[in-house]
Protein chains: 2
Amino acid sequence: MRTTLKDIARQAGVSTTLVSYIINDRPVSIPEETRARVLKAIETLEYVPSAAAQGLRNQKSRMIAQLFLHYEPETTLSEPCTAGKTPALVDSLALKGYFHLNYPVPEGEKARHDLVNFLRSHRVDGVVIENTYDEDPYIDLVADTHVPFVVYNQADCGHPGSAVVNMDDAGGMRLTVEHLIRKGHTKIGHLQGNLRTYCDAMRRKAYEEVLREHGLAVREDWIRGDGSCTVEDGFRSTGELLDLDDRPTAIAATSDLLAMGALRQIQSRGLRVPEDVALIGFDDIQAASFLSPPLSTVALSYRRIGELAGEQILKLIEEPSLRFDPITVPVRLIERASTAKDFR
Amino acid sequence: MRTTLKDIARQAGVSTTLVSYIINDRPVSIPEETRARVLKAIETLEYVPSAAAQGLRNQKSRMIAQLFLHYEPETTLSEPCTAGKTPALVDSLALKGYFHLNYPVPEGEKARHDLVNFLRSHRVDGVVIENTYDEDPYIDLVADTHVPFVVYNQADCGHPGSAVVNMDDAGGMRLTVEHLIRKGHTKIGHLQGNLRTYCDAMRRKAYEEVLREHGLAVREDWIRGDGSCTVEDGFRSTGELLDLDDRPTAIAATSDLLAMGALRQIQSRGLRVPEDVALIGFDDIQAASFLSPPLSTVALSYRRIGELAGEQILKLIEEPSLRFDPITVPVRLIERASTAKDFR
DNA sequence: GATACTTAGTGAAACGTTACAGTGAATCGA
DNA sequence: TCGATTCACTGTAACGTTTCACTAAGTATC
């Protein structure tokens, strides 16, 4: 059997109440001698409180779940953007003695229902929502359970007990397109991601805005991508772009994975990057600098984002009435060889 | 307040016992009419059982922790080898209604102590141990708490209530070295990883064995690597190798990351791969096929490994007396351009 | 000497489930 | 028609904490 408070109390000749007080450092006066006796009993009997009993009594679990919405087994947890934030989140939770739970939410009625039950079961004190769509209905679902939550990549969602952490998607995409324009490009294509996500939607919007600001037309046939945001999609979509009679001389991709596919496609046709087609990505994944030519891209600190999410959710748990303004984490342009030639 | 069994019982005019029986599908005879009444009450009051109360009562949490030993914040969770297995583990646990917890264990007495308390607190029903050293003392630590566990990359550890899942490290390294020998190489260097890990130790051992079997000398000065297994290490260590008067004509790295660093070093000196130095990695990370030249390597299904770990730990929880033989997941050689030239 | 306060504790009731041991009533077999 | 069985339930005691309201001394205050 397991060692319980009762065992400690018996061993030390005191009540369980007193043992509990000592363990939890309650401000009651206890003579050193008694305290020492109890601590010794805890030591020798190797007592550790039962998480379940504490959870039941305190209505707290000290667990935070990271929700992976629109989950697909083979991809979601491996994507740079999704996976990148997890380590920092885990670390910042661990720092405060909280545990991190991975909770995938595949599409479908069953998973949706399971999610609500999960949240209602009080298994976790709060959640961090990953991989949301723009104005994602799942957010309301979570909000309705009154579990505090932090969500990435959303406009301010306005729910009480929630906070938003964004990266500067629009700013990043502006950087890339303006960079290409400075290099002399006027025919700039775009490889888009999943437009249902806030990230990719904002990036595409920024792409169009910058073009218009510079008096360049937005051509629908220069915007490609099936939404899967994979290397394969990049390869295929770039193929479509290059098949056009009037094709772009530069491509701004919404992710490095798309850009990797693009690079492969361009080079497989004997074209050169950046001489024939300039190419720039987004995310600055590790592989980017190893491509030939090394890929220009936008770097952002996924660590910082995850860290912020961790801090926010813990603050919300302590004080659910807190209101936060959405935080936006800055990005920066990384210029490499894939955009290194001036185009005139 | 939260809706409890009592509320349901009152609403349906029955005892809490009966409600519990219905929810848990206990084999007792209950007229359809009563059952329907109770289910309706559950529905309308939106009842969901309290995870903590069930945990306390059943002494089960339906949670599995993945332990990341020797944890370093910036790297451990991002490494291909470590991160690669997590998604499949999460999926296979979710399939059976179990939750997946990330538990980092940094070096140090405090973290070690926290770990023991964590396991003793019965917060999880079992653990999967990631990133172990060879004959890692942490394994005994876990075993002593009698929490069922699965461990990757170990010789059979012999503890009751445990299982081992390996990938075929030795077999994979044999494939790469034999491949290089077939290509005509006799001067083959090795970039080693962290020899304290079973993986890297096995790989290095296999490297040496194959050399000996083919009558080739094992030269200590051709074996490099500071144990960090990073791109930077690969770059630096390959520099040392190339500085030698009598230098290898081929390099077998224990990981793709090391090989990426090696490639950068080789090319930065104006040498060609594979003409001047052939190069082969291990892991088949996504970037490998995007290098110039594309990197030969060893592919293994991290998905399969994670899946197996999930299945094993759940079986152990159901039946802790079960004994499993260590499972070894097969690997295969991927030949790409970085080893494509015969060397004579 | 009565009153108030501090010290060092204790008992019992939650928290929300589940399992065991029953209990009446109805049905069945001989 | 009696005992046994089945049916449809229920009461209560756990599971292991924490908290609230107490108490019974001892000490200080006036």
Side-chain angles (χ1 to χ4, degrees), chain A residues 1-39 41-42 45-63 97 117-125, chain B residues 1-39 41-42 45-63 97 117-125:
Chain A
M1 296 296 106
R2 130 193 263 305
T3 306
T4 72
L5 266 193
K6 245 187 201 149
D7 300 319
I8 305 301
R10 195 177 316 120
Q11 171 95 352
V14 296
S15 67
T16 60
T17 307
L18 199 57
V19 179
S20 173
Y21 284 173
I22 289 172
I23 288 173
N24 297 302
D25 258 332
R26 300 297 306 277
V28 294
S29 67
I30 298 163
E32 253 338 293
E33 195 244 320
T34 311
R35 183 185 301 270
R37 196 151 31 91
V38 169
L39 289 176
I42 289 173
L45 296 184
E46 302 190 312
Y47 169 73
V48 176
S50 146
Q54 288 185 318
L56 177 57
R57 176 65 226 210
N58 300 337
Q59 309 281 44
K60 289 261 136 73
S61 64
R62 297 193 81 80
M63 301 223 186
N117 278 7
F118 171 75
L119 295 169
R120 285 236 179 81
S121 74
H122 288 197
R123 201 178 271 275
V124 293
D125 297 338
Chain B
M1 295 294 108
R2 131 194 263 305
T3 306
T4 71
L5 265 193
K6 247 186 200 147
D7 300 319
I8 304 300
R10 196 178 314 121
Q11 170 94 352
V14 296
S15 68
T16 60
T17 306
L18 198 57
V19 179
S20 172
Y21 283 174
I22 289 173
I23 288 172
N24 296 304
D25 259 334
R26 302 293 307 275
V28 293
S29 66
I30 298 164
E32 255 335 296
E33 195 243 319
T34 310
R35 184 184 301 268
R37 196 151 32 90
V38 169
L39 290 175
I42 290 174
L45 297 184
E46 301 190 313
Y47 170 73
V48 176
S50 146
Q54 287 185 318
L56 176 57
R57 176 65 227 208
N58 298 336
Q59 309 282 44
K60 288 262 135 73
S61 63
R62 296 193 83 78
M63 300 223 185
N117 279 6
F118 172 75
L119 296 170
R120 286 236 177 82
S121 75
H122 288 197
R123 199 177 272 275
V124 293
D125 297 340

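By convention in this document, chain letters (A, B, ...) are assigned in the order of the sequence lines, proteins followed by strands, and residues within each chain are numbered from 1. Just so it is clear, the values below take in all heavy atoms, side chains as well, and ignore hydrogens, waters and symmetry mates.
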### Query
For the helix from C:dG1-D:dC30 to C:dA30-D:dT1, what is the angle between the axes at its two ends, each from 5 pairs, rounded to 10°?
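Taking five pairs per end, the axes differ by 40°.
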
### Query
What does nucleotides 22-28 of chain C look like as a protein-contact string, B for base, S for sugar-phosphate only, - for none, at under 4.0 angstrom between heavy atoms?
-------

Can you list, pair by pair, the side-chain donor-acceptor contacts under 3.5 Å of residues 27-35 of chain A, counting residues two or more places apart and other chains?
none

### Task
Quick one: list whatever passes side-chain hydrogen bond (donor to acceptor under 3.5 Å, both in side chains) with A:Ser61, sequence neighbours left out.
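Partners of A:Ser61 under the side-chain hydrogen bond (donor to acceptor under 3.5 Å, both in side chains) test: A:Asp125.
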
### Phosphate contact (C:dT17 OP1 or OP2) by B:Tyr21 side-chain N/O below 4.0 Å
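No, B:Tyr21 has no side-chain N/O under 4.0 Å of OP1/OP2 on C:dT17.
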
### Task
Classify the side chain of B:Ser20 and the base of C:dA19 as holding, or not holding, a donor-acceptor pair under 3.5 Å.
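There is none.
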
For [X], enumerate each residue passing the salt bridge (Lys or Arg N to Asp or Glu O under 4.0 Å) test, keeping only those at least two apart in sequence or located in another chain.
X       : answer
B:Arg57 : none
B:Asp7  : B:Arg10
B:Arg62 : none

Which atom pairs link the protein and nucleotides 22-24 of chain D when you take only N or O atoms and keep those under 3.5 Å?
none

Could you tabulate the donor-acceptor pairs under 3.5 Å formed by side-chain atoms of residues 13-22 of chain A, not counting sequence neighbours?
from    : atom 1 : to      : atom 2 : distance (Å)
A:Ser15 : OG     : A:Leu18 : N      : 3.3
A:Ser20 : OG     : A:Asn24 : ND2    : 3.4

### Query
What are the residues of residues 53-61 of chain B, sorted by number, that bring a heavy atom to within less than 4.0 Å of DNA chain D?
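Heavy-atom cutoff 4.0 Å gives B:Leu56, B:Arg57, B:Gln59.
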
### Message
For DNA chain C, which residues of residues 25-35 of chain B approach it to below 4.0 angstrom with any heavy atom?
### Response
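The answer is B:Arg26.
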
